[in-house]
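From a predicted model like this one, the values you see are computed outputs, not experimental measurements. Residue indices begin at 1 and follow the sequence shown.
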Amino acid sequence: MTRMTQISTDFYLEMLLFGGVFIFCLAVASFLAVKKKEKSALFFQVLGVFSFAVFIIGMWLTLQRPPFKTMGETRIWYSFFLAILSGITYWRWRMNYLLIFVNLMASIFVVINICKPELQSQVLIPALQSVYFIPHVAIYMFAYAVIGCAFVLGVLELCNLFNHKGHKECTKNTNYSNLCVPCETLSVHCGKNKSSESTTKCDLLVKIGVVALGIGMCLGAIWAKKAWGQYWSWDVKENAALITWLIFLLYLHLAKIKKINRKILLVILIVGFLSLQFTWYGVKFLPSAQKSTHTFYSAN
């Protein structure tokens, strides 16, 4: 118990230090992006990601096991992947507001870990000692992060669609035209053009997320076969993951319909993101989840 307590104390202090540096770097990167200082913004974004990578490596070495076991550890990976993806998307697309909101999301999950530290243990149950443990959880956290970026972009696009409607209304009256917010403010295009830049980027992120979710489920099925003797047990966690995956598949299939209302698609995207969050940490509150082999428990 003394050893476990010491690990927990060291982890919290390191989390406080490196988490603070991480949040500071992301905040500075977001501020510089708004100021159009792209190179400086990317520098601080990379610096933040590097500092958090050092923390994760240190935690891995300290625990002497892959840090994927507890809910808190998955939040760390989620924030890490979010920061990487927000940096990559900003480097490729220069979308300031996407960088800001994704960095904010990553910072919030780090703050949650700081405010709610978990007791760290070196012990892994036999099922978690499988070779599929690391890739299964890592790919899922990557998929969650990609979907998180798509969600932010989708919400910005949805807001802009409503704003564009109001923009057209207010431009009819020159007395109120100065109150309209330009579409460029949100770095997305107006209108319902399916080939618009923001739509293409959002759909691309969803496609990557769907592929990653599918790979994660396949690895999980193989892992389940090795650990519990069957590929799929219709566990509540498995069912929730399948439903989430199907929601995003529905989004991609409906996106192929030219006459589909873009707002409907974005609402489906938001519902899928909420389903993903429920699958991740909401399922464990269901009575049927108490016997689930897939639910993370911080005390484990």
Side-chain angles (χ1 to χ4, degrees), residues 1 3-23 26 48-85 102-103 105-148 212-213 215-217 219-220 223-224 227 237 240-241 276-285 289 292-300:
M1 179 61 69
R3 170 63 176 164
M4 187 181 298
T5 303
Q6 182 61 41
I7 291 176
S8 179
T9 302
D10 293 342
F11 168 77
Y12 181 76
L13 294 176
E14 292 172 1
M15 184 72 212
L16 193 61
L17 174 61
F18 286 95
V21 173
F22 178 70
I23 293 173
L26 296 193
V49 170
F50 176 77
S51 65
F52 217 50
V54 172
F55 165 70
I56 292 175
I57 293 172
M59 180 173 60
W60 197 320
L61 295 176
T62 301
L63 294 176
Q64 299 177 9
R65 65 165 175 80
F68 293 97
K69 180 183 177 184
T70 68
M71 180 64 71
E73 290 168 2
T74 60
R75 284 196 295 261
I76 290 172
W77 284 101
Y78 185 62
S79 297
F80 180 64
F81 284 131
L82 278 176
I84 292 176
L85 288 168
V102 174
N103 280 352
M105 188 185 300
S107 300
I108 288 175
F109 277 88
V110 172
V111 170
I112 292 174
N113 263 21
I114 293 176
C115 296
K116 188 182 177 182
E118 296 178 354
L119 187 64
Q120 304 300 305
S121 172
Q122 292 176 292
V123 180
L124 284 179
I125 62 175
L128 297 183
Q129 297 175 17
S130 169
V131 67
Y132 298 102
F133 173 49
I134 296 177
H136 171 69
V137 181
I139 290 176
Y140 254 112
M141 288 301 102
F142 171 77
Y144 285 9
V146 175
I147 295 298
L213 287 175
I215 294 174
M217 278 197 294
L219 288 174
W223 177 14
K237 186 86 169 183
L276 183 149
Q277 299 301 311
F278 178 77
T279 301
W280 184 10
Y281 51 81
V283 164
K284 70 176 183 179
F285 295 106
S292 172
T293 56
H294 299 79
T295 304
F296 287 95
Y297 293 94
S298 60
N300 282 353

* Asked: Can you tell which of Thr279, Leu213, Leu219 makes a side chain to side chain contact (heavy atoms under 4.5 Å, CB included) with Tyr140?
  -> Leu213
* Any side-chain heavy-atom pair of Phe52 and Val110 under 4.5 Å -> yes
* Looking at OH of Tyr132 and CH2 of Trp223, how far apart are the two atoms once the value is rounded to the nearest 0.5 Å? -> 12.0 Å
* Asked: Once you round to the nearest 0.5 Å, how far does NZ of Lys237 lie from NZ of Lys284?
  -> 9.0 Å
* Structure fact -> Nearest heavy-atom approach of Leu26 to Ser107 is CD1-OG, 4.0 Å
* Closest approach of Phe22 and Ser79, non-hydrogen atoms and distance? -> CZ-O, 3.8 Å
* To do: For side-chain contact (heavy atoms from CB on, under 4.5 Å), just list the numbers for Leu63 and Lys69, CA-CA rounded to whole Å, side-chain angles, deciding distance to a tenth of an Å, and then say yes or no.
  => CA-CA 11 Å; Leu63 294 176; Lys69 180 183 177 184; over 6 Å; no
* Does the side chain of Phe142 come within less than 4.5 Å of Leu85's, by heavy atoms? -> yes
* So, the side chain of Ser51 versus the backbone of Gly48: is there a donor-acceptor pair under 3.5 Å, distance only? -> yes
* Asked: Considering only heavy atoms from C-beta outward, does the side chain of Trp280 approach that of Thr74 to under 4.5 Å?
  -> yes
* Structure fact -> Rounded to the nearest 0.5 Å, the CE atom of Met141 sits from the CG atom of Leu82 at a distance of 10.5 Å
* Knowing that exactly one of Tyr78, Phe80, Tyr144 qualifies, which makes a ring pair (Phe, Tyr, Trp, His ring centres under 6.0 Å) with Phe109? -> Tyr78
* Asked: Measuring from Ile147:CD1 to Gln277:CD, what's the distance to the nearest 0.5 Å?
  -> 10.5 Å
* Considering non-hydrogen atoms only, spot the tightest contact between Ala212 and Ala143 and give its length. => CB-CB, 3.5 Å
* Would you check if Val146 and Phe81 make a side-chain contact, meaning some heavy-atom pair closer than 4.5 Å? => no
* Structure fact -> Output for pair (Glu73 CD, Met59 CE), nearest 0.5 Å, gives 5.5 Å
* To do: Check whether any side-chain heavy atom of Trp77 lies under 4.5 Å from a side-chain heavy atom of Val137, and answer yes or no.
  => no
* To do: Give, for atom CD1 of Ile76 and atom CD1 of Ile56, the distance between the pair rounded to the nearest 0.5 Å.
  => 6.5 Å
* Can you name the closest pair of heavy atoms from Gly216 and Ile139 and give their distance? -> N-CG2, 3.9 Å
